[in-house]
*Asks:* 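Got a structure for you, written out below as structure tokens; questions coming shortly.
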Amino acid sequence: MKKRKFGLALSLVLAAGTVLSACGSNDKGNDNAAEGDKDKDSFQVAMVTDVGGVDDKSFNQSAWEGLKAFGEDNGLSKGNGIDYLQSQSDADYATNLNSLTRQGNDLVFGIGFMMEGAISEISQQQTDAHFAIVDAVVDQPNVASITFKEQEASFLAGVAAAHATQSKKIGFIGGVEGEVIGRFEAGFVDGVKAVDPDIEVDVQYAGAFDKPEIGKTIASKMYSSGADVVFHASGGTGAGLFSEARDLKEKDPEKYIWAIGVDSDQSAEGAVGDHNIVLTSALKGVSTAVQDISTKAKEGNFPGGETTVYGLKEDGVGLAAINEEVENKAEIDAAVEEWTAKIKNGEYTVPDTVK
């Protein structure tokens, strides 16, 4: 299988780390704590995963890759300046956040909106510590909040799916219902309908981010019902989608079937012999965001009390390269490019809630 590349704009951003340069300086944060960071001989940063785990090949893994990149830039490694704790259930969130804070970490990330309550609680108890949360907003002076316009990336995924489908039936698998996954769903459905309002989109939720067996069951039902393109926004649960799509393609190499990944380029999950069943992936710059906030905190510019939102215009979300195996790749590329320009220049606003 040949290696596929990210879409050009986002790949340059993720490589260079410039996507987040517009974050701004810290106007609201804990100035004393920030100044203290600059005087430390060493800097420690860690993260708490949600229940998907650090190797979910999606959201948590992308965040850990961001910490590792920060570590490489600063001579740090796991257990020596950067670290993580994995959560087996939501009951672990507060305990893990507390543990990493008490271990002397200068900054602790909570990865995912499911940690909003725990971050809010612990940040008010540990007022001298710095925290950051991805995909939620916690209004505390020692918390940096990071959110994305997922609807814009998933809109482009919907455009690609609509151009790729032959059956005019498409599926969406969500993890846990909420604002974040709702933005994915809203954008994806809107992208599909922008191309062809007659295409049917089957939306189903797994109710979990760590249940690939449920993802596989849902995907099986969707494909057997005629869907030929299925997009997931479900963390580790999405592994079940790829498993089902690979199984079907392996049984019948001529079967027309596609899966769409999320958060990072998940094309590695689609290899089936000489084929790859991943059409594309909706990208979020979680890795770069984690790396950037860590760097700012180390330099004494921690953006506490601020919320930074990243969309297409900021090159904080995007779409991975379209699979070269799809026959109308040029058509899909042109459509994605056209809609990207419309969104970036404000000609079109993607809805962030389901209609």
Side-chain angles (χ1 to χ4, degrees), residues 48-53 56-60 62-63 87-93 110-120 133-138 145-158 161 169-193 200-223 225 227 229-242 244 259-264 266 281-284 286 307 309 311 317 350-355:
V48 176
T49 76
D50 69 10
V51 293
D56 63 354
K57 297 181 176 63
S58 183
F59 194 74
N60 291 290
S62 183
S87 303
Q88 302 304 314
S89 72
D90 55 6
D92 296 332
Y93 296 157
I111 308 303
F113 69 88
M114 295 175 70
M115 238 170 288
E116 179 180 353
I119 286 281
S120 179
I133 185 164
V134 178
D135 269 357
V137 175
V138 173
S145 300
I146 302 165
T147 63
F148 297 86
K149 294 182 179 179
E150 294 90 354
Q151 69 272 19
E152 294 182 348
S154 59
F155 179 94
L156 298 181
K169 292 184 178 181
I170 292 172
F172 172 86
I173 301 175
V176 177
E177 292 189 62
E179 290 185 9
V180 174
I181 307 305
R183 289 196 291 268
F184 274 114
E185 178 191 341
F188 183 68
V189 173
D190 195 56
V192 171
K193 299 297 184 179
E200 177 185 337
V201 183
D202 181 9
V203 175
Q204 296 189 39
Y205 279 78
F209 290 115
D210 60 343
K211 301 294 183 183
E213 65 276 12
I214 298 179
K216 185 175 177 67
T217 297
I218 295 175
S220 176
K221 292 178 180 178
M222 287 180 169
Y223 287 130
S225 297
V229 184
V230 178
F231 171 47
H232 91 92
S234 59
T237 297
L241 164 63
F242 300 125
E244 180 63 19
I260 298 178
V262 74
D263 294 335
S264 59
Q266 295 191 306
S281 299
L283 305 176
K284 285 175 63 172
V286 176
T307 299
V309 183
V317 300
V350 182
D352 58 3
T353 56
V354 179
K355 295 178 180 179

*Asks:* Could you pull out all residues at least two apart from Phe242 that satisfy ring pair (Phe, Tyr, Trp, His ring centres under 6.0 Å)?
*Replies:*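 His232.
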*Asks:* Kindly give the heavy-atom pair with the smallest separation between Phe113 and Ala136, and that separation in Å.
*Replies:*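 Minimum heavy-atom separation between Phe113 and Ala136: CA-CB, 4.0 Å.
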*Asks:* By side chain to side chain donor-acceptor pair (under 3.5 Å), which residues pair with Thr49, not counting sequence neighbours?
*Replies:*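 Here no residue qualifies.
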*Asks:* Return the minimal non-hydrogen interatomic distance between Ala63 and Ile111, and the atom names on each side.
*Replies:*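 Ala63 and Ile111 have their closest heavy atoms at CB-CD1, 3.7 Å.
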*Asks:* Side chain to side chain contact (heavy atoms under 4.5 Å, CB included) between Val230 and Ile260: does it pass, once the steps are laid out?
*Replies:* CA-CA 6 Å; Val230 178; Ile260 298 178; over 6 Å; no
*Asks:* From Ser58 OG over to Asp263 CG, what is the distance, rounded to the nearest 0.5 angstrom?
*Replies:*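 One finds 3.5 Å between OG of Ser58 and CG of Asp263.
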*Asks:* State which residues pass side chain to side chain donor-acceptor pair (under 3.5 Å) with Thr147; sequence neighbours excluded, sorted by chain then number.
*Replies:*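 Thr147 satisfies side chain to side chain donor-acceptor pair (under 3.5 Å) with no other residue.
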*Asks:* Using side chain to side chain donor-acceptor pair (under 3.5 Å) as the criterion, list what pairs up with Thr237, not counting sequence neighbours.
*Replies:*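 None.
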*Asks:* Apply salt bridge (Lys or Arg N to Asp or Glu O under 4.0 Å) to Asp135 and list each qualifying residue two or more places apart in sequence or on a separate chain.
*Replies:*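 Once residues adjacent in sequence are excluded, the partners of Asp135 under the salt bridge (Lys or Arg N to Asp or Glu O under 4.0 Å) criterion are Lys284.
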*Asks:* Taking atom CD1 of Ile119 and atom CE of Met114, what is their separation to the nearest 0.5 Å?
*Replies:*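 Here the interatomic distance stands at 14.0 Å.
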*Asks:* Side chains of residues 169-187: which donor-acceptor pairs under 3.5 Å do they make with residues two or more places apart or in other chains?
*Replies:*
from, atom 1, to, atom 2, distance (Å)
Lys169, NZ, Ser225, O, 3.4
Arg183, NE, Glu150, OE1, 2.7
Arg183, NH2, Glu150, OE1, 3.1
Glu185, OE1, Tyr205, OH, 2.7

*Asks:* Would you mind reporting whether Val192 and Phe231 have side-chain heavy atoms less than 4.5 Å apart?
*Replies:*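 No. Closest side-chain heavy atoms not under 4.5 Å.
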*Asks:* Holding to side chain to side chain donor-acceptor pair (under 3.5 Å), I want the full list of residues that pass it with Asn60, two or more places apart in sequence or in another chain.
*Replies:*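 Residues passing side chain to side chain donor-acceptor pair (under 3.5 Å) with Asn60: Asp50, Asp56.
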*Asks:* Quick check: closest heavy atoms across Val262 and Gln266, and the distance to 0.1 Å?
*Replies:*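 Residues Val262 and Gln266, closest heavy atoms: N-OE1, 3.0 Å.
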*Asks:* What do the steps show when you test Val201 against Val203 for side chain to side chain contact (heavy atoms under 4.5 Å, CB included), and what is the final call?
*Replies:* CA-CA 6 Å; Val201 183; Val203 175; 4.1 Å; yes
*Asks:* Sequence neighbours left out, what passes side chain to side chain contact (heavy atoms under 4.5 Å, CB included) with Asp210? Give chain and number order.
*Replies:*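 Partners of Asp210 by the side chain to side chain contact (heavy atoms under 4.5 Å, CB included) criterion, ordered by chain and then number, come out as Val51, Ala208.
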*Asks:* Tell me whether Ser145 contacts the main-chain N or O of Val138 through its side chain, where contact means a donor paired with an acceptor under 3.5 Å.
*Replies:*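 Judged by distance alone, yes, a pair lies under 3.5 Å.
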*Asks:* Give, for atom CD1 of Ile214 and atom CD of Gln204, the distance between the pair rounded to the nearest 0.5 Å.
*Replies:*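 Going from CD1 on Ile214 over to CD on Gln204, the span is 11.5 Å.
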*Asks:* Report the residues that fulfil salt bridge (Lys or Arg N to Asp or Glu O under 4.0 Å) with Asp190, sequence neighbours left out, ordered by chain and then residue number.
*Replies:*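 If we apply the salt bridge (Lys or Arg N to Asp or Glu O under 4.0 Å) test to Asp190, skipping adjacent residues, the hits are Lys355.
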*Asks:* For residues Leu283 and Ala153, report the shortest heavy-atom separation together with the two atoms involved.
*Replies:*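 The answer is O-CB, 3.8 Å.
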*Asks:* Between OG of Ser154 and NZ of Lys149, what distance do you get to the nearest 0.5 Å?
*Replies:*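 Rounded to the nearest 0.5 Å, the OG-NZ separation comes to 13.0 Å.
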*Asks:* Looking only at heavy atoms, which two atoms of Pro212 and Gly236 are closest? And how far apart?
*Replies:*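 So the two residues come closest at CB-O, 3.8 Å.
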*Asks:* State whether the number of non-hydrogen atoms from other residues, nucleotides or ligands found under 6.0 Å of Lys216 atom NZ is greater than 12.
*Replies:*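 Counting neighbours around NZ of Lys216, more than 12 heavy atoms of other residues, nucleotides or ligands fall under 6.0 Å, so yes.
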*Asks:* Could you pull out all residues at least two apart from Ser220 that satisfy side chain to side chain contact (heavy atoms under 4.5 Å, CB included)?
*Replies:*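 By the side chain to side chain contact (heavy atoms under 4.5 Å, CB included) rule, Ser220 matches Glu244.
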*Asks:* What distance do Ser234 atom OG and Phe59 atom CZ have between them, rounded to the nearest 0.5 Å?
*Replies:*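 Nearest 0.5 Å value for the OG-CZ distance: 13.0 Å.
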*Asks:* With sequence neighbours left out, write down each residue that passes side chain to side chain contact (heavy atoms under 4.5 Å, CB included) with Thr353, or none if nothing qualifies.
*Replies:*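 None.
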